[in-house]
Each structure stands twice: as C-alpha cells, then as structure tokens.
Amino acid sequence: MAERYPFDQFEAKWQKYWDENKTFKTLDGPSDKPKYYILDMFPYPSGAGLHVGHPEGYTATDIIARYKRMCGFNVLHPMGWDAFGLPAEQYAIETGTPPAIKTAENIATFKRQIQSLGFSYDWDREINTTDEAYYKWTQWIFLQLFKKGLAYEAEVAVNWCPALGTVLANEEVIDGKSERGGHPVIRKPMRQWMLKITAYADRLLSDLDDLDWSESIKDMQRNWIGKSEGAEVNFPVDGYDLSLKVFTTRPDTLFGATYMVVAPEHPYLDQITVTDQLSAVKAYGLKAERKSDLDRTELAKEKTGVFTGAYAINPVNQALIPIWVSDYVLMSYGTGAIMAVPAHDTRDYEFAKTFDLPIVEVVSGGDVSEAAFTTIEDGVMINSATSDGGFSIDGLKPSKAIDKMSDWLEATGKGKIATNYKLRDWLFSRQRYWGEPFPILKDGNDIIPLSDSDLPLTLPVLDRIKPSGTGESPLANAKEWLQVVDPASGKVYRRETNTMPQWAGSCWYYLRFIDPHNNDQAWDLEKEKYWMPVDLYIGGAEHAVLHLLYARFWHKVMYDLGYVSTKEPFQKLVNQGMILGMDGEKMSKSRGNVINPDDVVKQYGADSMRLYEMFMGPLERSKPWNTNGIEGVYRFLNKLWRHFINDKNQVIELTDAQPDTETLVMMHASIKKVGMDLDALAFNTAISQLMVFSNHLRSLEQVPRVALETLLILLNPFAPHIAEEMWHLLGNSNILAYSPWPKYDETLLEKTLLNLAIQINGKVRGQIEVEVDAAKEVILELAYAHSSIKQYTKGKTIVKEIVIPNRIVNIVVK
RNA sequence: GCCCGGGUGGCGGAAUUGGUAGACGCGCUAGGUUCAGGAUCUAGUAUAUUCACGUAUGUGCUGGUUCGAUUCCAGUCUCGGGCACCA
C-alpha cells in the first residue's frame, strides 16, 4: 500500500464541519433557484450493517447532488429508514429484545457508516417509517384508499404452520417446511386486506411511456401488468341453463375449439360434472390443491386432467365439445376456463395428445400433426365457416380474422371484446407485530375506520412478542389494546390485528421528505408542487417491479384525490448494478467474499472509497470488486496530495501566470468532459479525465494556480474531503460545496490543426497534419505526397478517393 | 419456454452521428532510487512474426450492407437478470 496521505486528519474534520454548519440543509422552496430532487432508495437497516453495494448508489446520488448545488440548483437530497420488517420481529421472538430497540441500534450503525462516507444529506429531514409521527400518515393514506373503495377484505390462503402457531412469509417456507424448525406448513385461508391496484392497471401501464426509465425496467413492469387483448366468449353448457365464459386472445381460432378446460377450483365444476365422473373430478381437485402446496417448482409439466362428462356448445358452429378439468388452467387468470384449440396452442396441443382429443386445423401454414402452429403473422384461415355459409373467416390472415370474429361476437351477443391483466390485487396485510397497525375497528363483520383524529394508532408495547397461536398476529395477545369501548354507547369493538406489509412505508416516503416535520398534514401541498417530481431516483434493480409499481399506484390515488400535482412520482430512474465479490460471485457470508466498507474507509479513506465505487465501471452494470483497483484510485489522490502539499501541510509554490496553451486547453476540455459525463451519469469516464488532467499538472515545472484550483473544483463532487482541504490550504476561505461550477470556453477547444488518417482500402497506412476544414484537393495532395502512401499506390489503379473533411481519407486502389 | 441486458488485451473498462480499437486504472517487464524489501519515479506493455522498420491478425461465432463496421442488418453460441401452464 502506498504511503498514506493524511486523509484521516481531515476527512472527519470536514464531516464535522458540514454537520455543525448544516452546510447541506435544504431550504424549503419555492426559491428563485431551480429545484433538483435527488433520491436514494432508502435502506432497510439490517443487523449486518452496510455492504459495499449500498454506497454505490449513495455515492452516485451524492456526486450528482454536489454537482447540482455547484451548478446553482436548490437540491433536495434526503435519507431515511425503511425500518419495519420481518428480521426485527424474528429477532424479538428469539431473544426478547423489542423490535423498536433492535431497530434503533441497527439504524445507528447504518447512519454512522453512511456518514463516514461524507454524503451530503440533509439530516434534518431524516425519516423512519416506524416513527409514530411517520406511520400516522401511512395509516391516513390507507384510510384514503379505504374511503375510495380501493381497500377490501378477502379470504386468501396463507402459509400456516401449526407447530409454530404462526403464519409464515414465503421466504420462511422451504420445501413445504418452516425454515425454523422444519415443521410442516399448510395453506389456510385467512381474512386479509387487499388493495385494488388492478383498477389502475391501465394507467400504470400507459403512463410508463413518458418516464425517463430504462426500457428494460419499463418492460419488466409491462410484463408484470401483463395486458392482453382478446375476447370473452360464452359457451353454453349442454343441458344446463348456464354458460362457461372464457377469455381468449385468439378468437380467430374459435372454429378449432375441440374441447374446454376449467380450473380445478372453478365454481361450476360441482354442478356440471356427471355423477359417474364426480369422484374422479373431486380426487383430481384434491390432488391439484396439494400439488400447488407442496411442490410448485415441479418442472416436469406433464399435462394431467379429468373429463367432467359434461359438454359445451361452441357458439359459432354449435359443435358439442367435452369439458375437462385440468390444473394447467388457473382460476386466478382470466375466467378460470378456456376454450382449447389444440392445433394452435402449445399447451392445448400437449393436453390433446395426452388424452387423445381431436385436433382441428383452422390456420394453414404449419404441420399440426407435428406441433401446434401458433403464429398470427403467417398462415391463412381454413375450416372456419358456418355450415349454412352465413359466416366465414376462411382465407383471411389470422390477425384480420381476430377482428372479424370479435366483431361477430359483439354483434351476436355471444361474446365481447375484452382485455385481461396478469396483475392481481395487492395482498396488503401480514400476520405480524412489527408493521403499521390498520386504523380499523371490527364489530363482527362490520368494518369501522378510525377517524383522522384517532391517528396515529400506535403499536402496543408488549412484554414479549410471541405468536398468538391462532394465525393472527402477536397483536392478538395485546388484550387491552385489542378492546375498544365506545364511551357513548358502551359498545365494545375489536381492533384489526393484521399489520401492513413493509411496502407501505416505502410507498410514499419521497413525499414525506418534502415536509418531514408536518404534524397537521402528510405534506404541504405548496411544497409538494415545488419539489415534485423526484428528478432522479437511484436504487437496486431488485425493486424494479414491486416497490416501484406500488409507489406509483399510491401516487396515482393521491393524484386523483388532489394531494399531489404529478401523475408519476419518479421522473428519471436508474438502477445501479450489483457489486460482486472478488471472485465475480454475488457477495454472501457463506462464500466469505463480503467486503466491509468500514475496513475500506479505515484503510484508504472515504474519498478513495467513493472514487473507486464510481471508477469500477458504468453505474448500471454489475461488476466485481477488486482491492487492486482501489489502490489505483488511492494512488491518484495520494499523488495529487503529495505533489502539491509538502510535509508541513503547505502548498508548493504556484504561478499566477496564464497557463500555457496545452494546459489551458486541457483545463477547458476537462471542465467540458466532466460536466457532460456527470449529466450522463458516466462517473467512470469523468474520473478518468480528472486523472488525465491531474497527471498533466504534475508534469509541469510551474503549476498555474488557476489550473490546480479548477481541478479541485471538478474533483469536489467525487472526493469532497481532499478537495475542500486542498482548496483551503491554497488559501481560499469559501467552501467548495457551493462554489460555482466553472464554465468552459468552446473556442479554446476548437482545433486549428489535426491529424488525419490516410487509409488504403480501409487500412490505415499513414497520417498527415492538415488545417481544420482544409480543402479536399489540399488533403489529397498531402496524402499522395506521404511516403508510405506512395508505396501503396505505386503501380495501382486508383478506383475511388473518399475524403471526409476533418475525419478520414480512404483511397481505394486495385 | 418467453421478455430484457451483456460478451472488446492477463484484469476492470474506454471509443460523438459507422471514420486511426484498447483512453483511464490494475497487473506485468525493464531501469532509476533504496543496504534490502515496501513505497516511489521513468519507460514499455493486444496477439503472432521480425534484430529492427514493418507485416499479418484482432471487439463471442457465421454471414450481409458499406470505400470503411466494436458501432447497422440477419442468423447463431454464451453469460447475467426478470417472468413462467397468463389462455
């Protein structure tokens, strides 16, 4: 390791200075400065503390925040804690330590670690989702959702572990057994709160278009919402006064429907199954239920099913087709029933082959004796006309036939055009203690919301958190808390024992940062108008779908209620890539490849840590940690310090003379490149330019003060401690944090002479120096005069001369 | 299976609209400094071949478009992420 420059002497000093002087306190808007709201995904403060992945995003946002301040923006850059969640509760059950205590300890560790990196957060805006003053408003938002009819109760199956007397999260269930103890886990329906996110599916989808997010994240959200357009078709059940409704994206293939399949949970199943088949169907239903419980990762997708004995009437040709039951049809998607077109659907094809059901080709172009033909781009409809010839789609392309059949369904009332979504309503309750209590009272089945004045409904302090044994949360043990007596009527109500999931607090924290201490409102509407939307949001890709979708949903509800002024909360989103271990694998305790930021800061200092996190590669890419790499950036800072600062902490002698041309050009080129790279979040190449500039300055006999000062200004967002320290050693009394970002002079960067490569048949064979915008004739004359070009053209026929001004010359010879 | 991203020296990675591939950093080699090691400074460093000048090859692979392709197009292999019987 290189000899240390004294970072340990001044990094803490500057952190203390910024803290004591509240250097980064954000004044409430509106102000005359343009605003910039830059947000990190706030962390869950786990017991393990920070790992090097956390500071990657935080460093990126901090650099941008510091850069934007220097550019004259009013910057909002806050940090807080998403502190409800399972681990603290599990810890409480095991050790008896109350979750609030453990959580506070974890937060203290996280905060110390984050602060040791010199991030410029406005700590006066720190929020914690577990504070009463915060979750009061989470509860308030829930009440808004409830009043709008977007929150409802439903019976939903949970992972119930009888031995532990508790409900488990999916991640606590491994191979059908509880993670702790290995006890059996069964599915048990319980009353749960649901949020009607599906009501916003269309807007959540279409509003993605205007966001400055990566296409891949938008695609993930689009896929999750899973919009598909098609038709609903009613198939009357033969002999019954009811019809099976199906959803299909391929109404064009209706003539090819040779059977139907309903999900094992379909409500009509008991009614329509013939007596002979009843026991077989019931047995199948039980098996299907168990299968999904025990081993849902079963990869062998062998088709199974049972015939119900019933028949349906195909509405387009009156054909009688058998109705089967099979678990390849899901009750939770579409209508829980399908029309099966084996010739043109892979799954139906497999099923038909397994049970020897007829396969009728209605789109020509494939070979249905071999495989299902599923494309709608090619092929022509066949066998698709009614026997009386009254209706036909024969001869059409499938895509056209879809429209014609849909119209026919609408016209005859046998079906209608329909849209379906994969997105389901959001299961919004957990059987846990450590979460926001629902502001809800129960009177039998009646639901009574608390009034706003009763908020917050605080969590009761329990001597010991333990399972209720009934599947209800540990709150069911809090007898006093549970019972509420109405003083007027004397009537006794019971509180809701479910709590909200961890997502709740993170769904709106970006709004609370705007006005974190408001006791009368969740946030002030004027302040919201000033600060929203978030201009840049950086966080891990693991939240690409759920957190972002849920937050967008709440935001739209708040928008509809007039509490926020923007349709979308996060205008620009960037997902940082993962930092892998030295071995190129995901960092994990079991692999032993975890890097602790505390060790890095101790050994190399915060500036080197920050610089290395950004120098490793593009922010959005995954990349491996390499200790040699941090040595490199450390050496860069070390050389900078030791070249300009002597043993007595004095700056070497600088010159006040104008820099020479080369230095001046490099200085302005650096201002330009670093600024442009920062705008593009290309931190690694910006740092590279700083190194180039710094290397040049160190090579000079006489270093111009203005050049060194410019370097320090440019370096400041990246390595603020060393930049501030050297800035002050240079005799400046202002602080760099708010020094204006320098402007560059474009005219200095315009070259008068440039090197032009001469190619022969596309291969570079020589270079000439010409004036910018030199005439084609001049260039060619110089080119042919070049010795090696002469050699390559000697005795050859010149076929073509390509001269691209200021770029290249290519001479094609034969 | 479907939907997204990536594949460039020994390594992390650079490369405006197609226009001199390999910036910057690591590592390595040689030399200076040092009693020595470390640290540091200087020079070199894609591969093959050559004493050298040079020449040939080279951005996963195979083709294509072009005077010219890391960049555009088609196909293919591979790694990573997401979803997964979604009708």
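Small disclaimer: the values here were computed from a predicted structure and weren't measured.
- Between B:C77 and B:C24, the two P atoms lie 38 Å apart (nearest whole Å).
- Checked by atom type, the side-chain pair A:Tyr268/A:Thr308 shows no donor-acceptor distance below 3.5 Å.
- For RNA chain B, the stems formed by at least three consecutive Watson-Crick or G-U pairs, with both atom-pair distances below 3.5 Å, span B:1-7 with B:77-83, B:10-12 with B:24-26, B:27-32 with B:40-45, B:46-49 with B:54-57, B:60-64 with B:72-76.
- Whole-Å rounding puts the A:Asn626 CG to B:C28 P distance at 12 Å.
- Only the P atoms considered, B:G80 is 29 Å distant from B:C28, to the nearest whole Å.
- The aromatic rings of A:Phe355 and A:Phe351 sit tilted, their planes meeting at an angle between 30° and 60°.
- With a 4.5 Å cut-off on side-chain heavy atoms, A:Leu711 and A:Leu690 count as touching.
- Taking atom C1' on both nucleotides, B:G13 is separated from B:G7 by 13 Å, rounded to a whole Å.
- Nearest approach of A:Pro55 to A:Thr59, heavy atoms of both residues: O-OG1, 2.5 Å.
- Within the structure, side chain to side chain donor-acceptor pair (under 3.5 Å) contacts touching residues 614-628 of chain A (residues at least two apart or in different chains) are A:Glu56-A:Lys623.
- For A:Arg621, taking side-chain heavy atoms from C-beta onward, the closest of the listed nucleotides B:G27, B:A21, B:G6 is B:G6.
- Closest to the A:Arg642 side chain, of the nucleotides B:U40, B:C24, B:G13, is B:U40.
- Going from atom CE of A:Met614 over to atom P of B:G25 covers 19 Å, rounded to whole Å.
- When every heavy atom of A:Tyr259 is checked against every heavy atom of A:Ala352, the shortest pair comes out as OH-N, 3.8 Å.
- The distance between atom CE of A:Met691 and atom C1' of B:C26, rounded to the nearest whole Å, is 10 Å.
- In this structure, the nucleotide among B:C24, B:C85, B:A14 sitting nearest to the side chain of A:Asn684 is B:A14.
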Between N or O atoms, less than 3.5 Å apart, protein on one side and nucleotides 65-67 of chain B on the other: list the pairs.
unit_1: B:C67; atom_1: OP1; unit_2: A:Lys800; atom_2: NZ; d: 3.4
unit_1: B:C67; atom_1: O2'; unit_2: A:Asn810; atom_2: ND2; d: 3.1
unit_1: B:C67; atom_1: O2; unit_2: A:Asn810; atom_2: ND2; d: 2.6

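- A:Glu801 comes within 4.0 angstrom of no nucleic acid atom, judged by non-hydrogen atoms across all strands.
- Between the C1' atom of B:G6 and the CG atom of A:Leu580 lies a distance of 13 Å, rounded to the nearest Å.
- The listed nucleotides are B:A14, B:A87, B:C85; the one nearest the side chain of A:Pro618 is B:A14.
- Side chains of A:Tyr421 and A:Thr198: no donor on one and acceptor on the other come within 3.5 Å.
- Across B:U47 and B:A21, the matching C1' atoms stand 14 Å from one another, rounded to whole Å.
- A side-chain donor-acceptor contact under 3.5 Å links A:Arg698 and A:Asn695.
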* Any chance you could list the contact pattern along nucleotides 69-82 of chain B? Use B for base contacts, S for sugar-phosphate-only contacts and - for none, protein heavy atoms under 4.0 Å, 5' to 3'. => -------------S
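- Nucleic acid contact class of A:Lys422 (heavy atoms, under 4.0 Å, all strands): base.
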Measure all distances between protein nitrogen or oxygen atoms and nitrogen or oxygen atoms of nucleotides 41-52 of chain B, and list the pairs falling under 3.5 Å.
none

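- Salt-bridge formation is detected for the pair A:Lys218/A:Glu215: a Lys NZ or Arg NE/NH1/NH2 atom is positioned less than 4.0 Å from an Asp or Glu carboxylate oxygen.
- Note on A:Ser688: a base of the nucleic acid sits closer than 4.0 angstrom, heavy atoms only.
- A:Phe255 has its side chain out of reach of A:Met381: every pair of non-hydrogen atoms, C-beta onward, lies at least 4.5 Å apart.
- Scanning both residues, A:Ala201 and A:Ile225, for their nearest heavy atoms gives O-CG2, 4.0 Å.
- Nearest heavy-atom pair, A:Tyr328 versus A:Lys303, reported as atom, atom and distance to 0.1 Å: CD2-CD, 3.7 Å.
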Between N or O atoms, less than 3.5 Å apart, protein on one side and nucleotides 54-59 of chain B on the other: list the pairs.
unit_1: B:U55; atom_1: OP1; unit_2: A:Tyr792; atom_2: OH; d: 2.6
unit_1: B:A56; atom_1: OP1; unit_2: A:Arg765; atom_2: NH2; d: 3.3
unit_1: B:A56; atom_1: OP2; unit_2: A:Arg765; atom_2: NH1; d: 3.2

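- Across B:A52 and B:A14, the matching C1' atoms stand 31 Å from one another, rounded to whole Å.
- In B:G80 the O4'-C1'-N dihedral to the base is more than 90° from 0, which defines an anti nucleotide.
- For A:Leu637 and B:A39, the CG to P distance is 18 Å, given to the nearest whole Å.
- Among the atoms of the strands shown, none is found under 4.0 Å from any heavy atom of A:Val261.
- Closest of all the heavy-atom pairs between A:Ile722 and A:Tyr5 is CD1-CE1, 3.7 Å.
- B:A23 sits 14 Å from B:G9 when the C1' atoms are compared, rounded to a whole Å.
- Under the 4.5 Å side-chain criterion, counting only non-hydrogen atoms from C-beta, A:Thr685 is in contact with A:Lys673.
- Across all strands, A:Asp345 comes closer than 4.0 Å to no nucleic acid atom at all (heavy-atom distances).
- Side-chain contact between A:Glu771 and A:Val778: absent, with no pair of heavy atoms (C-beta onward) separated by less than 4.5 Å.
- Of the candidate nucleotides B:A87, B:G27, B:C24, B:A87 has the atom nearest to the side chain of A:Leu330.
- By the 30° and 60° cut-offs, the orientation of the rings of A:Phe7 relative to A:Tyr634 is perpendicular.
- Minimum atom distance to the side chain of A:Asp219 is reached by B:C3, of the listed B:G25, B:C3, B:U20.
- Among the heavy atoms of the strands, none lies under 4.0 Å from A:Thr346.
- With B:C85, B:G12, B:A87 as the candidates, the nucleotide lying closest to the side chain of A:Asp327 is B:C85.
- Looking at A:Asn806, its side chain does come within 3.5 Å of a backbone N or O of A:Asp773 through a donor-acceptor pair.
- Rounded to an integer number of Å, the gap from CG of A:Leu690 to C1' of B:G25 is 13 Å.
- With contacts defined as side-chain heavy-atom distances shorter than 4.5 Å, the pair A:Val813/A:Ile760 qualifies.
- B:C79 and B:A30 have their P atoms separated by 39 Å, given to the nearest Å.
- Look at CE on A:Met666: it is 10 Å from P on B:C24, rounded to the nearest Å.
- Taking all atoms of both residues into account, the shortest heavy-atom contact from A:Met260 to A:Ala312 is SD-CB, 3.4 Å.
- Taking the side chain of A:Ile808 as heavy atoms from C-beta on, and the options B:G13, B:G19, B:A87, the nearest nucleotide is B:G19.
- Nucleotides B:A43 and B:A36, compared at atom P, are 23 Å apart to the nearest Å.
- Distance CD1 (A:Ile630) to C1' (B:C24): 17 Å, rounded to an integer number of Å.
- OP1 and OP2 of B:A23 both lie 4.0 Å or more from every side-chain N or O belonging to A:Thr685.
- The pair A:Arg222-A:Asp209 meets the salt-bridge criterion, since a charged nitrogen lies less than 4.0 angstrom from a carboxylate oxygen.
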